[in-house]
Each structure stands twice: as structure tokens, then as C-alpha cells.
Amino acid sequence: MSAPPLGLRYRTAFLTGASTGLGRAFAEMLLAEGVEVWGTARDTRRLPAQSRFHPIALELADGVSTERIFCEANNEAGGFDLVINNAGFGAFGGFADSEFSLWESQIQIMLVNTARLAHAALRDMQARSCGVLVNVSSLAAEFPLPYQPAYNVIKSGLSALSESLMLEFAGSKIVIIDFRPGDYRTDFEGSVRRSAKDFSPRQQKAWRAFHRLMESGPAPEHAAQSLRRALIHGRSGTVRSGRLFQAVVGPFLARLGSLALRRKILLGYFGL
Ligand SMILES: NC(=O)c1ccc[n+]([C@@H]2O[C@H](COP(=O)([O-])OP(=O)(O)OC[C@H]3O[C@@H](n4cnc5c(N)ncnc54)[C@H](OP(=O)(O)O)[C@@H]3O)[C@@H](O)[C@H]2O)c1
């Protein structure tokens, strides 16, 4: 028997990074399920023009305005049943080769300001005693990506935040989902900020492997279906999404082996 549309359960959703990639697929899935979506991008012309979709300009680098924009939308919507922290980007380069400010600003934007949005969302959900918060992390929280040190810190931190919140809200009607995609074919690779014009031969190898993995990944609609299934179940938890090896086999084998073995396999996976 097919599940009833999500719109019967979730009236309104706030979604960051709705212009492309996973966020765009989430927006389309939610709209098709009858959910009214407030979706963000830095440039609203990149957002879908559709009924029941409310385009919002939001630059996550500005934490104060991010919170203000969220609160305004929340008032307009009469509270969000679902908040999805999805916006993000990558940065590639050796830790010591890159300017420290690049490392610091990525963490400020993607971890601190994302947490700020989660904080504002949960304040309102707490007042209403219900709601679902989805933080889009990454399998990089378990399997770090070489030469993407800030990204690894961000996704581990975001997953740790989600885990903490699952403990806090256990037994309540507030649901926390730690959504961890593997490699998906999106615009992500194109938006990666490079710390230097020229990479070392070892960095080039890692970059090529990263490129191959992204290019051969599933389409974003696959991630939207994973999210849909998680929302149907309505339970807090970690949701891994992606090709079978990355999302199921790898994490299972990693639990059996040591951290040193996992590191060795990761180096092989990236041809290093
Ligand atoms: N693709 C993958 O393989 C993969 C794997 C694991 C996790 N993820 C995570 O999934 C999320 C979405 O990634 P994606 O692959 O869909 O990438 P994408 O296609 O590049 O989309 C990124 C989205 O984030 C928005 N964004 C980027 N920087 C922003 C900023 N400073 N302020 C506000 N919005 C910003 C972009 O909006 P604009 O229109 O403003 O650019 C865009 O909508 C990210 O958190 C990423 O880390 C992706």
C-alpha cells in the first residue's frame, strides 16, 4: 500500500539551497507531495517558479540576516513543520597550503550559521511541541575526504549536533534527522572553492578520484526518495543515502574494522 502524501502530515517546509542539486530535488519532491515550500538561494532567479513555492534570497555567510530571514518566513508560514538545512559548498586544498581564513569562513558559514538556523527553528518547534529538523550532513562525517579538511570538520560537527539533539528531544514530538548523502551528481563539484591554482601531483590524484566519484554518483532524485522515506517513518535518526557500496556496505564494514584499516582503505579509494 502506498503511503499517504507527505502534505497531509507536513503542511509547510523551509529549505536552504533549493536552487540546484539535492535541495532542488528535495523541493520538487515536497511540492509533488503537497507540501508548501519556502526555499532559499543567494539569487532567487535560480529558484523554481511554481505555485506553493516561496522564493527567498538568503546568503548563509551572514548569520544575523539568515536568522532574521528565517524568523520572517516562519511568521508568514505560521510555523514550519519541516526545516531542512541543506545549503553548502566544498573547498579543496592542502590544509597548510590554504589561507587559514578560507578554512575558518567555511566552518562559520556551513557549521556555525547552519547551527544558528537550527537553533531558531527548534525554538519555534519547542514552543509548538512538534516539528522535523533535517540537517544535511555527509558520509564525509564517517569517511573524511582528502584535502577537504574544513568540509570534514563541518559534516562531523553537524552530525554530532544532530546526534546531541536526538538525545535532547527523544520521547518528544520533535524529530531530528541526520541525513548523510554519499556522492551525488550535482553542481557541488563545480562550486568547490579551490585554495590554489595549481595542485600538487598527489592533490591532483585526489581531485580526479573525487571528480570520478561525483560524476558517477546517482541523480539527486534518489536522495529525495531517501528523504521522503525517512519523513514517512517520522522517527529521529541517521539516514545514509547513495549508492549501495557507500551508504550500506562501507559503513557496515567500517564498524567491523579498526580506524587504521579504514584510513588505509580510504587512501586506496582515492588512489593515494
Ligand atoms: N552532492 C554530493 O555528492 C553531496 C554529498 C554529501 C553531502 N552533500 C551536501 O548536500 C548539500 C547540497 O549539496 P549539492 O550537492 O546539492 O550542491 P549544489 O548543487 O552545489 O547546491 C548547493 C546549494 O547550496 C546553496 N548555497 C551554496 N552556498 C551558499 C551560501 N553561501 N549561502 C546560501 N546558499 C548557498 C546553493 O545556492 P545558490 O543558488 O545560492 O548557489 C545551492 O542551492 C550540501 O550541504 C552538501 O555538503 C552533497
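Indexing begins at 1, ligand by ligand and atom by atom, following the structure's order. Basis for what follows: all heavy atoms, side chains included, without hydrogens, waters or symmetry-related copies. Along the sequence shown, residues carry numbers from 1.
When hydrogens are left out, the protein atom nearest atom 4 (C) of ligand 1 is G182 O, 3.8 Å; that is the closest non-hydrogen contact. Among all protein heavy atoms, the one lying closest to atom 1 (N) of ligand 1 is T186 OG1, 3.1 Å. Protein heavy atom closest to atom 47 (O) of ligand 1, with residue, atom name and distance, is Y151 OH, 2.6 Å. In terms of protein heavy-atom proximity, atom 19 (O) of ligand 1 is closest to T20 OG1, 3.0 Å. Annotation: atom 13 (O) of ligand 1 to nearest protein heavy atom, F188 CD1, 4.0 Å. Atom 44 (C) of ligand 1 has its closest protein heavy atom at N86 O, 3.2 Å. When hydrogens are left out, the protein atom nearest atom 37 (O) of ligand 1 is S19 OG, 3.2 Å; that is the closest non-hydrogen contact. Residue, atom and distance of the protein heavy atom nearest to atom 2 (C) of ligand 1 are Y184 N, 3.5 Å.
Under a 4.0 Å heavy-atom criterion, A18 is in contact with ligand 1. Assignment of K155 to the shell around ligand 1 is supported, since a heavy atom sits closer than 4.0 Å. Residue-ligand proximity: S137 is placed with a non-hydrogen atom under 4.0 Å from ligand 1. Heavy-atom separations between A25 and ligand 1 are all 4.0 Å or longer.
If you number the atoms of ligand 1 from 1 as listed, the ones under 4.0 Å from a heavy atom of F89 come out as 28 (N). Using a 4.0 Å cut-off to heavy atoms of G21, the atoms of ligand 1 that qualify are 16 (O), 19 (O). If you number the atoms of ligand 1 from 1 as listed, the ones under 4.0 Å from a heavy atom of A87 come out as 24 (O), 25 (C), 26 (N), 34 (N), 35 (C), 45 (O). Set against the non-hydrogen atoms of D187, the atoms of ligand 1 under 4.0 Å away are 19 (O), 20 (O). Each of the atoms 32 (N), 33 (C) of ligand 1 lies under 4.0 Å from some heavy atom of L58. In the vicinity of D183, heavy-atom distances shorter than 4.0 Å reach the ligand 1 atoms 3 (O).
Distances between N or O atoms of E59 and those of ligand 1 include at least one value under 3.5 Å. Residue R42 places at least one N or O, backbone or side chain, under 3.5 Å from an N or O of ligand 1. Between R46 and ligand 1, an N or O atom pair is found at a separation short of 3.5 Å. Ligand 1 has no nitrogen or oxygen under 3.5 angstrom from a nitrogen or oxygen of P181. Taking distance alone, with nitrogen or oxygen atoms compared against 3.5 Å, G17 approaches ligand 1 more closely than that limit. The shortest N/O to N/O separation between S138 and ligand 1 does not fall below 3.5 Å. For L60, a nitrogen or oxygen atom sits less than 3.5 Å from a nitrogen or oxygen atom of ligand 1, counting backbone and side chain alike. Taking only nitrogen or oxygen atoms, main chain and side chain alike, L22 reaches within less than 3.5 Å of ligand 1. Taking distance alone, with nitrogen or oxygen atoms compared against 3.5 Å, D43 stays at or beyond that limit from ligand 1.
Side chains of T16 and N86: a donor-acceptor N/O pair is absent below 3.5 angstrom, by distance only. One side chain, R243 or S216, offers a donor N or O that lies under 3.5 Å from an acceptor on the other. Side-chain contact annotation: S162 with N135, donor-acceptor N/O pair under 3.5 Å present. Q203 and D97 form a side-chain donor-acceptor contact under 3.5 Å, judged by distance and modelled atom types alone.
Checked options F92, F95, Y151; the residue passing with W103 is F95 (criterion: ring-ring contact (aromatic ring centres under 6.0 Å, His included)).
Within the 4.0 Å heavy-atom criterion, the part of M214 lying near ligand 1 is the side chain and not the backbone.
Side chain of R128 to main chain of F80: a donor-acceptor pair is present (N/O by atom type, distance under 3.5 Å, no hydrogens or angles). The backbone N or O of H222 lies less than 3.5 Å from a partner atom in the side chain of S226, making a donor-acceptor pair.
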Review point. Does the side-chain contact (heavy atoms from CB on, under 4.5 Å) test come out yes or no for F26 and R228, once each step is laid out?
Key: CA-CA 9 Å; F26 295 158; R228 180 177 166 274; over 6 Å; no
Check your understanding: Checking side-chain contact (heavy atoms from CB on, under 4.5 Å) for the pair L30/Y10: CA distance, chi angles, key distance, verdict?
Key -> CA-CA 9 Å; L30 292 170; Y10 308 100; over 6 Å; no
Practice item. Evaluate salt bridge (Lys or Arg N to Asp or Glu O under 4.0 Å) for R185 paired with E215, printing each intermediate quantity in order. Key: CA-CA 5 Å; R185 219 166 49 239; E215 205 179 40; over 6 Å; no
Practice item. Starting from the C-alpha separation in whole Å, work towards a yes-or-no answer on side-chain contact (heavy atoms from CB on, under 4.5 Å) for M166 and S236. Key: CA-CA 6 Å; M166 285 176 213; S236 289; 4.0 Å; yes
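Residues forming a side chain to side chain contact (heavy atoms under 4.5 Å, CB included) with A160 (at least two apart in sequence, or on another chain): none.
Using a cutoff of 4.0 Å between basic side-chain nitrogens and carboxylate oxygens, E36 and R52 are not scored as salt-bridged. Between K155 and E142, none of the side-chain N atoms (NZ, or NE/NH1/NH2) sits under 4.0 Å from a carboxylate O, so this pair counts as no salt bridge.
Applying the side chain to side chain donor-acceptor pair (under 3.5 Å) rule to pairs touching residues 250-272 yields Q246-Y269, sequence neighbours excluded.
Ring geometry for F70 against F14 counts as perpendicular: the plane angle is over 60°, on a 0 to 90° scale with 30° as the lower cut.
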